[in-house]
Amino acid sequence: MTRTLAPLVGAALDRVDGARKVAGAAPYPNDVRYPDLAYAALVRATISAGRVSGIETEGAEGAPGVLTVITHLTAPRLSRGPATSIGPQPTPPLQGDRVDYDGQYLAVVVAGTREQAVAAADLVEVRYEVDEPVLRTEDPRAEREENPWHFDTTRGDPAGALRTAEVRVDSTYTTPHLTNNPLGPFTTVARWDGDDLTVHDSTQHTANTRSALAGVFGIPEERVRVLAPFVGGGFGAGLRSWPHVTVAAMAARVVGRPVALELTRPEMFTGTGGRPSTVQRIRLGSTVDGRLVAIDHHAEYPAAMDDAVRYRVTPRGAGAYACPNFAARDVQVRLNVPPTGHMRAPGTAEGLFALECALDELAFRLDIDPVDLRLRNVAEVDPENGRPWTTTGLRECYRVGAERFGWYGRSPAPCSMRDGHRMVGYGMAGVTFGWTMMPCRAAATLHPDGTATIATSATDIGTGTYTILTQLAADLLDLPPDWVRVELGDTRLPKAPAAGGSGLTAAVTNAVQDACRNLLEIVRNGHPRGTDVRAEGASAPPEREDVAPSGAFAAVFAEVRVDPDLGELRVVRLVTAVDGGRIMNPKLAASQIIGGTVGGLGMALMERTTPDPGSGRIMNANLGDYLVPVHADVPDVDVLFVGGPDPLTPMGVKGVGEVGVVGVAPAVANAVHHATGRRLRALPLTVENLL
Amino acid sequence: MGPGVREPTTTVTVNGARLVANLDARVTLLDALRDRFGLTGTKKGCDQGTCGSCTVLVDGRRVLSCLTLFAQCDGRQVTTIEGLADHPLRAAFIKHDAFQCGYCTPGQIVSAAALIREGRAGRDEDIREYMSGNLCRCGAYPRILAAIREVASGAHA
C-alpha cells in the first residue's frame, strides 16, 4: 500500500446510513413482515422460586385466532448451543417445571394477530408450588462461588502493606442492578423452510445467535441464517442469545408459519440480562505523599440460579495504578434473579466507581489534589506483567481534560464554592479500560462498474460501523465513499465477532484492510474484465510477549450544583478526554463518548432496577418507573481526543464504545463530596441521600 | 375475528392518503400504521406511553400512537415520519449526528417538527424541556438539541 490512510479515515463523514434512519426506513427486526406472519405472546412466571404444578391452556387454545399454545409439557426437547467467550448459552426455555426467577417463560401463545395472541396469553392459568426464594447475597442459604472465572489476583503482600501503610482508606461501595433498556424491544422473527431456519434478530453478535440456534435444534450452522442489518440499540443486551430467540424459532416450527416474537418493555427487564448489583469493599494504603502501597478490592454480586456469565468487577491490574501490592477478588452469589448479562462497560463501570471514589477519599485525607494523586500513581507499565503499554495517553487525558474544564480554578475544600444559593462541586475520575480483540473476517468485492462492496457479519448497533468501513475502503481502494457499499448483519457474510467489549472496530477494520489489500493484489496481477473480483481478509489479536496492549484511557471532569435545602442534584457540565487510539471518524467517535457519558449519568443519578424485597419481582419494569436520562437531565458534554494510533495493530484502533461510561459516576459522586462534604458510597445519588 | 371483538369502520387520512379499514377494535394507531399499513417508520419502544418513539401528529398535535386506538382516529389527519420527507430536521439530524441506533429518531423528528411549528424551540432550555418525552438511550441528546436549535433558528437554510 502506498496510500497512508487519508483523506477519509479520520474525517468527520456523516453517517452513511443516516438518510435511512431519519426517514424511518432502516429495517429493524420488528419491521420485518411476511404475508403469513403469526404473532407470539409470552406467559411468564409470577413467582421467583418453585415449580409449575399445573398449567391450563384450554381457554387460550380456544380463543379466536390462536394457532398453538406451547408449554413445558408440549415443547420439543432442546439442547444447548456451544459456550462462547462470555460463558455458556442461557438455559433453553420450556424444558421443565422448575421456576428459578420471576419473569421466566412458562408458555408461548401464537395467533394470527398480535391482539389475539396477547389476549389469549392472559387466559393461560398457571398453578405453582412456591418455594422461599433466595433474594439477597447475605442470605445464608445462598450459594457463594469464589473466584468464579479465575480472574482473582494477588501481587506482593497487600495485607502486610495495608497494616504498615501510613494512611489507609477502608470503604464499602454499592451499585444497583441496572437494565440496559435499548429503545428497540428485542424481537425475533423466525421462519423455517424445511430444516433451514432464517431469523431476524435483535443481536449484537449474529454468529452467536446462529451457533446458539443450531445447537438448540441440533442442525448444522449452515442451515441457520441470522439477519440483523439494523438493531435498535443493545448496550450489551444483545451479546447473548436469550431464551425468547429460541421460543420464537420453536413456535415457528410448531405452527409451520413465520412467527414474530417482540418482547414487551417489562419483558426486557427479565429477559435480556443487565448489570448485576454489587457490594464492594475497597482498602487503599498510601504513603503520606500519596504513593499507593496497597489496593485490596473485594466484590460480591448476584448470578442467576441456572446460569453463568463470565464477569469481573474488580478491575484488572488494580485499575492500572502503579501499586506494588494488590489483591482483587470476585464472588458470585446464586440468587433467584433473572439471568444477568452485560451492560456497557460490564464490571468495569461498577469496579472503577468504587476505586475512583476511594482514591478521592484518599486525596481528601492527604490534602492532595485528586488529579495530582492519580498522576503520582500512573502505571507506566502493566502492573500485572511489567510490560510497557503499547500507548500511554492517560497523563495526556488528565492534562488536556483538566485544562479544558478549568480544574485548577477549583477551591479544594468541600463546601467552599457557591453559585448563589447552590453549592458547587468539581469532581473527576480516571479510566484505564481493558483491551479486547477477537478474530474477524471480511470480504471486499470490486464490481465491473468500479464500485466496491465490503461485507462482514458484524452488526452496527449505532456505533457507526457502516460509516467507518466505508471511509476505510474508499481510502484503500481509492474510490469516492458513495462508490463503496457496506453489507453487515448477515451470517452468510464472513464471520465477525460481537459488537461488544469495545473490540469490534479494531477487529473489523484490520480485517477489511487485509481484504482490500488482498483485493488490490488480485487486481494488480490482472483479472478478467467484466466480472466481480472478490477477496477475503482476516484479523486476529496479535500475540505479543514484549508489550501490554492498552485499551482506551480517559479522564472525566464533572461540575455539579446541589440545592442545600432540597438536596436537588444537577450535573451542569461534563468534560471527557479520551485516548482511543486512531479515531476513524471524530464525529461518530464523539457520539460514542457523549452517549457513554449519558449512560454514566443515568448510572450516577437515577437508574436502579428495584425488586420487591419479599417476592423478588421487579417493581419498576417499565420506562416510567425505571428512570433514564431525558433531554432535560443532560448538560453540555465536551469530548476531547488525545493520543494517536496504537502500534499494536495495523489500523491503530482501540475502540471507544464503553470508555465514556466508566468515569462519570465516580466523577459526579466526587463532585458531590466537594460540593457538600458528603461522601455518598451508594449509587444512584438520589435526593433522599442529600437532604 | 372472534365473538365480542368489534371491527368499527374507521376512515383516516395518513400523510395525505385516505385510508378506510375495519380493524379489531383493540388495534392501536401504532399497530395499525405498522402492521396493517406498512408504515414502519413509526417505532414501538415501550407500548406504554413512556418513551416517545411512537410519536405521530394527529390533526397537527403530537400524540403517542401506542396509547391511541386506531378507531379513535376516525375522520382525523395523521402525519408520520414518512410524511415529513422534506423537513429540514432530517438533514440537520444527519449533519449533527443526532442519533446512533436510529430507533428513537422518527419520534424525535416528529416531536421536534411540532415543537418548532408551535414556536416553542426558541431557547435551549425550552427544547430540552419540551423534548423530554422522547427518550434516546444512545444518549444523543446534546446533538439532537443542536439539530433542533439549528432548524428552529433558520440557520439551516
Side-chain angles (χ1 to χ4, degrees), chain A residues 14-15 17-28 30-31 33 63-65 113-116 118-119 180-185 230-235 262 264-265 461-464 587-588 590-592 594-599 601 622-624 628-637, chain B residues 1-5 23-24 26-27 31 34-35 38-51 53 80-82 84-85 89-91 93-106 109 125 127-145:
Chain A
D14 288 341
R15 230 170 252 272
D17 49 344
R20 297 174 81 183
K21 286 180 173 174
V22 299
Y28 299 89
N30 60 2
D31 295 330
R33 297 288 179 271
T113 70
R114 74 173 72 240
E115 293 77 19
Q116 292 167 338
V118 169
N180 304 48
N181 276 314
L183 236 344
F230 291 94
V231 179
F235 317 108
E262 302 176 11
T264 64
R265 183 53 56 182
I461 58 169
T463 52
K587 187 191 291 197
L588 273 56
S591 283
Q592 285 296 295
I594 292 169
T597 303
V598 172
L601 206 55
N622 62 75
L623 289 172
V628 301
V630 302
H631 277 278
D633 295 312
V634 178
D636 291 334
V637 178
Chain B
M1 294 301 140
V5 176
L23 300 183
D24 183 328
R26 298 169 296 191
V27 174
D31 288 333
R34 290 178 49 80
D35 294 347
L39 293 170
T40 54
T42 305
K43 298 303 179 195
K44 181 185 286 186
C46 68
D47 219 18
Q48 297 177 314
T50 58
C51 78
S53 298
T80 70
I81 185 67
E82 290 91 347
L84 297 177
L89 278 166
R90 284 196 181 183
F93 266 58
I94 295 171
K95 175 183 165 190
H96 290 278
D97 205 36
F99 51 87
Q100 292 172 36
C101 80
Y103 196 83
C104 73
T105 310
I109 290 177
E125 53 264 48
I127 298 173
R128 283 185 165 122
E129 191 64 33
Y130 290 122
M131 289 298 294
S132 280
N134 287 85
L135 305 183
C136 170
R137 193 59 165 155
C138 296
Y141 296 122
R143 302 198 140 178
I144 296 170
L145 173 67

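In the text below, chain A, chain B and the rest are named by the order of the sequence lines, each starting its count at 1. Since the structure is predicted, the reported quantities are computational estimates derived from the model, not experimental observations.
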Is chain B contacted by the side chain of [X], its backbone, both, or neither, given a heavy-atom distance below 4.5 Å?
X         : answer
Ala63(A)  : neither
Leu588(A) : both
Pro635(A) : backbone
Ile594(A) : both
Ala26(A)  : backbone
Pro182(A) : backbone

Backbone of [Y] reached by a side-chain donor or acceptor of [X] within 3.5 Å:
X         : Y         : value
Lys21(A)  : Gln100(B) : yes
Arg265(A) : Asp47(B)  : no
Lys44(B)  : Thr264(A) : no
Tyr141(B) : Val598(A) : no
Arg137(B) : Gly184(A) : no

Let's test your reading of the structure: which of [options] forms the most heavy-atom pairs below 4.5 Å with chain A?
options                        : result
Glu129(B), Arg34(B), Glu82(B)  : Arg34(B)
Pro106(B), Gly38(B), Cys46(B)  : Cys46(B)
Val27(B), Thr105(B), Ile109(B) : Val27(B)
Tyr130(B), Phe93(B), Tyr103(B) : Tyr103(B)

Between chain B and each of [options], count heavy-atom pairs under 4.5 Å; write down the option with the most.
options                                    : answer
Asn622(A), Asn181(A), Ile461(A), Asp633(A) : Asn181(A)
Gly65(A), Ala19(A), Pro629(A)              : Pro629(A)
Ala632(A), Ser591(A), Pro27(A)             : Ser591(A)
Leu601(A), Val637(A), Leu623(A)            : Leu623(A)
Asn180(A), Val231(A), Thr463(A)            : Asn180(A)

*Going by an N to O cut-off under 4.0 Å, is there a salt bridge joining Asp636(A) and Arg128(B)?*
yes
*Salt bridge between Arg15(A) and Asp97(B), side-chain N to carboxylate O under 4.0 Å?*
yes
What I'd like to find out is whether the side chain of [X] reaches to under 4.5 Å of the side chain of [Y], using heavy atoms alone.
X         : Y         : result
Phe235(A) : Cys138(B) : yes
Ile127(B) : His631(A) : no
Phe99(B)  : Asp17(A)  : no

Portion of [X] that has a non-hydrogen atom of chain A nearer than 4.5 angstrom:
X         : result
Ser132(B) : both
Arg143(B) : side chain
Asp35(B)  : both

*What is the distance from atom CG of Asn30(A) to atom NZ of Lys43(B), rounded to the nearest 0.5 Å?*
6.5 Å
How far apart are the closest heavy atoms of [X] and [Y], and which atoms are they?
X         : Y         : answer
Arg114(A) : Asp31(B)  : CD-OD2, 3.2 Å
Val22(A)  : Arg90(B)  : O-NE, 3.4 Å
Cys101(B) : Gly233(A) : CB-N, 3.4 Å
Ile94(B)  : Lys587(A) : O-NZ, 4.2 Å
Leu183(A) : Leu135(B) : CD2-O, 3.4 Å

